[in-house]
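Chain letters run A, B, ... following the sequence lines, proteins first, then strands; residues in each count from 1.
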Amino acid sequence: MSLRLHDSATREVRDFEPLTEGRVGVYVCGLTVQGEPHVGHVRSAVAFDVLRRWLLASGYAVDFVRNVTDIDDKILAKAAAAGMHWYELAYAMTRVLDGVYDDLNVLPPTYVPLATGHVPEMVELIGELVEKGHAYPAPDGSGDVYFDVRSWPEYGGLTGQRTEDMEAAADADPRGKRDPRDFALWKGRQPGSGEPESASWASPWGRGRPGWHIECSAMAGKYLGPAFDIHGGGVDLRFPHHENEQAQSRAAGRPFASYWLHNAWITTAGEKMSKSLGNSLLVPEVLRRVRGIELRYYMVGAHYRSTVEFSFEALDEAAAGFRRIEGFLARAVDVVGEVPAPGVACAEFVNAMDDDLGTPAAVGAVFDVVREGNKLLAGGDSPALRGVVASVRAMLDVLGVDPYDPAWGAARGGDDARAGRLTEAVDVLVRGLLEQRGEARTAKDFGTADAIRDRIAAAGVEVTDTPSGPAWSLARPDKD
RNA sequence: GGUGGGUUGGCCGAGAGGCGAGGCAACGGACUGCAAAUCCGUCAACACGGGUUCGAAUCCCGUACCCACCUCCA
């Protein structure tokens with residue numbers, strides 16, 4: 001079986017066929033950098049990072065573009081409220097976001113274009129649309145330019161809606177629109193708006209700033225070409241954002257995306273996270289409770305099109321499940337004496353991933369292999385055991401949760417060399433104590449043996465006896 | 001009003017007409033000085049009501065509840 005993906009446009013899972021053999025172009029709508037990211041925000045990045053990793057593992061070259069929207073109403077409003085420059089806020093939040101992506105081992109995209117860096121491309125596209133009769137400058141002198149929805153019969157096609165059925169936004173300012181459903185391509189700078197001069201650019205229609213949707217059309221076109229393979233984003237973006245992107249692009253004569261992929265929400269208390277708010281769900285807060293690799297494992301445990309109801313209980317359980325995999329790898333690496341390089345994923349895993357990125361079934365496949373490996377472990381080092389470890393690593397790598405991926409250590413500028421020396425130092429000390437404990441155990445002096453173990457435990461190090469002798473590991477820090 | 005998605009065991013979470021993933025938890029067994037880990041086994045579910053079928057968690061009709069989107073929310 002080869003890769004099949006759920007295309008939101010056709011609402012079915014269909015065979016994936018790239019426009020260019022062996023090469024895939026992916027555009028993902030990134031975040032509007034207006035505040036600190038909560039766990040819901042990063043699901044999209046993780047979901048499409050898995051897509052990317054699977055495409056790479058499948059032998060494709062991947063051009064992966066994820067934008068940052070660094071200018072919009074909310075950024076302007078929040079920055080003003082905080083007494084900051086709008087670009088100051090946007091940049092600060094961009095950096096926070098990048099840090100969070102690193103914490104979750106999200107591969108850096110091929111390129112991360114900023115909306116504010118592509119105003120000329122947007123102006124050019126708007127100009128084409130005006131020329132072709134699909135857009136018009138508002139007659140009210142506002143300097144706005146709108147997309148003419150009625151000039152584009154296939155409008156609504158992406159989301160299966162007919163324009164007549166759409167509810168006109170109650171709070172929308174009709175300004176100079178011909179039809180309430182028309183949307184802004186360009187927003188003229190309004191004299192009394194209080195918006196800073198820096199938030200406007202020159203255009204044939206006067207100073208102003210771009211509408212929300214045009215940036216993605218312009219940037220996807222610039223970096224991936226008029227036609228590209230996959231466009232991704234959160235479900236909420238289907239309409240209007242993606243519908244509008246497609247309309248703008250196609251009306252300008254660009255075929256645009258072949259496949260549309262949309263990830264579902266992470267909710268809390270059955271509601272979208274933005275309603276629930278709460279600092280405890282900000283990614284840095286969640287990462288005080290579990291490691292990034294565990295949070296990512298939790299997200300990957302659900303299918304990207306399934307809504308996840310976030311709970312700390314479920315998160316803790318997922319983390320416990322992940323540690324089962326991790327524990328196997330640690331024991332195996334100990335027995336094998338080195339970390340085998342990633343090898344080949346098992347067939348079940350491949351089939352699961354090929355079926356619209358079926359990560360839950362893929363995780364199930366990993367556990368099957370882990371169980372196999374645990375059995376082999378009893379027999380000591382063997383080619384079979386090494387093969388299993390290599391396979392598990394390969395599969396975890398696709399999901400972005402391979403504990404031996406150096407990226408986990410590198411995140412946040414960790415000092416690997418220093419950490420390595422510390423580990424060695426602790427190893428020498430603990431092994432010394434374990435020798436004493438071994439002597440006590442041989443002499444059946446279990447009181448002394450346990451006292452030594454307790455002393456080691458007090459230092460936060462856990463001792464477990466394995467068939468190949470005692471082993472130590474860092475105990476999990478208590479949470480809460 | 002329109003559009004889409006959902007409801008699976010104690011919990012999380014797949015599956016999409018017969019062979020009922022997987023994890024966590026629980027219970028029993030093996031192993032262990034004890035413990036941990038591991039292995040083996042057990043347990044149990046398809047919101048509700050009809051229908052189609054030899055056979056339905058899966059298809060159809062209806063009902064209930066939940067969620068999302070309908071012009072700048074991932």
Side-chain angles (χ1 to χ4, degrees), chain A residues 8 11 28-32 34 37-45 47-48 69 71-75 146-147 149 156 159-169 171-172 177 180-184 187 210-213 215 232-241 243-244 262-267 270-275 297-298 301-303 305-309 311 313-322 324-325 327-328 330-331 348 352 358-368 370-371 373-375 377-378 441 444-446 449-450 453 462-467 471 473:
Chain A
S8 304
R11 282 173 224 155
V28 176
C29 285
L31 293 179
T32 299
Q34 49 153 325
H38 55 62
V39 292
H41 284 131
V42 292
R43 184 182 193 190
S44 171
F48 291 107
T69 298
I71 177 84
D72 91 318
D73 289 356
K74 284 187 182 166
I75 292 173
Y146 295 108
F147 184 86
V149 165
T159 48
Q161 302 182 93
R162 290 178 307 175
T163 42
E164 312 87 77
D165 292 334
M166 291 179 196
E167 199 172 72
D171 57 341
K177 293 183 182 179
R181 288 164 286 254
D182 290 351
F183 56 91
K187 305 176 77 159
W212 176 37
H213 319 292
E215 62 186 79
V235 269
D236 57 308
L237 297 178
R238 271 191 359 259
F239 192 90
H241 188 55
E243 186 75 66
N244 292 355
H262 290 103
N263 63 278
W265 294 93
I266 293 181
T267 62
E271 283 186 331
K272 62 188 290 188
M273 206 161 268
S274 53
K275 284 183 188 166
Y297 175 82
Y298 172 61
H303 187 92
R305 282 193 288 123
S306 295
T307 304
V308 170
E309 172 126 12
S311 74
E313 292 70 26
L315 179 64
D316 288 342
E317 280 181 14
F322 181 70
R324 182 176 148 85
I325 299 174
F328 159 69
R331 288 191 298 278
E348 289 74 22
T359 53
V363 170
V366 172
F367 275 104
D368 288 341
V370 166
R371 185 173 302 110
N374 272 320
K375 286 185 207 169
L377 216 40
R441 291 179 74 203
K444 304 273 184 202
D445 179 3
F446 296 120
D450 289 349
R453 183 166 65 186
E462 228 166 33
V463 172
T464 50
D465 294 315
T466 72
S473 59

What is the distance from OH of A:Y298 to P of B:rA14, rounded to the nearest Å? 11 Å

Separation of the P atoms in B:rU42 and B:rG4, to the nearest angstrom: 44 Å

Given RNA chain B, 5'-ward residue of the pair A:Q34 and A:A318, judged by closest heavy atom: A:A318

Is there a stack between A:F367 and B:rG22, judged by ring centres under 5.5 Å and planes under 30°? no

Looking across every strand, which nucleic acid part, if any, lies under 4.0 Å from A:I266 by heavy atom: base, sugar-phosphate, or nothing? base

So, A:T32 and A:Q34: side-chain donor and acceptor under 3.5 Å apart, yes or no? no

Using atom P of each nucleotide, how far apart are B:rU63 and B:rG55 to the nearest Å? 26 Å

Listed nucleotide nearest any side-chain atom of A:R441, set B:rU71, B:rG33, B:rA74: B:rG33

B:rC61 to B:rU52 separation - P atoms, rounded to the nearest Å: 15 Å

Using a cut-off of 4.0 Å on non-hydrogen atoms, how would the nucleic acid contact of A:R331 be classed: base, sugar-phosphate, or nothing? sugar-phosphate

When the P atoms of B:rC11 and B:rA37 are compared, how many Å lie between them, rounded to an integer? 24 Å

Between B:rU8 and B:rA44, how far apart are the C1' atoms? Round to whole Å, please. 12 Å

Gap between atoms CG and P, on A:D316 and B:rC24 respectively (whole Å): 14 Å

C1'-based separation of B:rA35 from B:rC66 [nearest Å]: 45 Å

What does B:rG62 pair with, Watson-Crick or G-U, if both distances are under 3.5 Å? B:rC48

Could you please name the option among B:rG22, B:rA35, B:rC39 that lies closest to any side-chain atom of A:D368? B:rG22

Using the side-chain heavy atoms of A:P360, tell me which of these nucleotides is nearest: B:rU71, B:rG33, B:rA14. B:rA14

Would you mind pulling out the nucleotide paired to B:rC34, Watson-Crick or G-U wobble, both distances under 3.5 Å? none

Paired to B:rC54 by Watson-Crick or G-U wobble criteria (both distances under 3.5 Å) is B:rG18

Selection from B:rU71, B:rA74, B:rC12 that lies nearest to any side-chain heavy atom of A:K177: B:rU71

For nucleotides B:rG13 and B:rG6, find the distance between their P atoms and express it as a whole number of Å. 14 Å

Would you say A:S306 reaches B:rA14's phosphate, i.e. side-chain N/O to OP1/OP2 under 4.0 Å? yes

Just name whichever nucleotide pairs with B:rC24, Watson-Crick or G-U, keeping both distances under 3.5 Å, else none. B:rG10

Does the side chain of A:R324 get closer than 4.0 angstrom to OP1 or OP2 of B:rA37 through an N or O atom? no

Give me the distance, rounded to whole Å, that separates B:rA56 from B:rG18 when you measure between the C1' atoms they each carry. 10 Å

